[in-house]
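Have a look at the structure below before the remarks.
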Amino acid sequence: QVQLVESGGGLVQAGGSLRLSCAASVSTFSLYVMGWYRQAPGKQRELVATVSSGGSTNYADSVKGRFTISRDNAKNTVYLQMNSLKPEDTAVYYCKASNFAGVYWGQGTQVTVSS
């Protein structure tokens, strides 16, 4: 069973920063592709960033240059450093883990950016 627990969300002013964490309860964390997705009210869930088991990253165009995804395999944790936050970044942010066997989601953490 894979468990993902997000933390670090909150309320910040535009231009501020937050760091989200996703702690994974798995025995082979390094084998998973990890990602962050977000969903705003009335919107589709969208990809924010992913990091592969080999460390390759990709980002949505809307967050390039502002967000950084990273992973610490020793801690079974993936991070999303969010800088220069905009009101448009307001959403519930979800952690995702995937490997050959399946796809797993966390419960989400709320990020609210005020103007």
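- The CG atom of Leu20 lies 12.0 Å from the OH atom of Tyr79; values are rounded to the nearest 0.5 Å.
- Side-chain contact annotation: Thr90 with Glu88, donor-acceptor N/O pair under 3.5 Å absent.
- Atoms SG and CD1, from Cys95 and Ile69 in turn, are 8.0 Å apart once rounded to the nearest 0.5 Å.
- To the nearest 0.5 Å, atoms OH (Tyr37) and CD (Gln44) are separated by 13.0 Å.
- Other residues, nucleotides and ligands contribute at most 12 non-hydrogen atoms within 6.0 Å of the CD atom of Gln107.
- Connection of Trp36 to Val12 is established within a shared hydrophobic cluster, with ILVMFWY side chains joined at heavy-atom distances below 4.5 Å, either directly or through further cluster members.
- The only member of Thr109, Val92, Val63 that meets side-chain contact (heavy atoms from CB on, under 4.5 Å) when paired with Arg38 is Val63.
- The two atoms that bring Ala91 and Ala40 nearest to each other are CB-N, 3.9 Å, heavy atoms only.
- The list of side-chain hydrogen bond (donor to acceptor under 3.5 Å, both in side chains) pairs with a residue in residues 15-29, not counting sequence neighbours, reads Ser17-Asn83.
- Once rounded to the nearest 0.5 Å, the distance linking OH of Tyr32 with CZ of Arg71 reads 10.5 Å.
- Ring-plane geometry between Phe67 and Tyr93 is classed as tilted, the angle between the planes lying from 30 to 60 degrees on a 0 to 90 degree scale.
- In this structure the side chain of Asp89 never reaches within 4.5 angstrom of the side chain of Met82, judged on heavy atoms.
- In this structure the side chain of Thr50 never reaches within 4.5 angstrom of the side chain of Thr57, judged on heavy atoms.
- Note that the CG atom of Leu47 and the OG atom of Ser62 stand 9.5 Å from one another [nearest 0.5 Å].
- By the rule that hydrophobic residues join a cluster once side-chain heavy atoms approach within less than 4.5 Å of another member, Val26 and Val78 end up as members of one cluster.
- Arg45 forms a cation-pi arrangement with Tyr94, by the criterion of a distance under 6.0 Å to the ring centre and an angle within 45° of the ring axis.
- More than 12 heavy atoms of other residues, nucleotides or ligands shown are found within 6.0 angstrom of CD on Gln110.
- With hydrogens and angles ignored, the 3.5 Å screen pairs no side-chain donor or acceptor of Ser98 with any backbone N or O of Gly102.
- We find the CE-CG distance between Met34 and Leu80 to be 11.5 Å, quoted to the nearest 0.5 Å.
- In this structure, Arg66 fails the cation-pi test against Tyr59, since its NZ or CZ atom is not both closer than 6.0 Å to the six-membered ring centre and inside 45 degrees of the ring normal.
- Salt bridge present: Asp61 and Lys64 bring a charged side-chain N and a carboxylate O closer than 4.0 Å.
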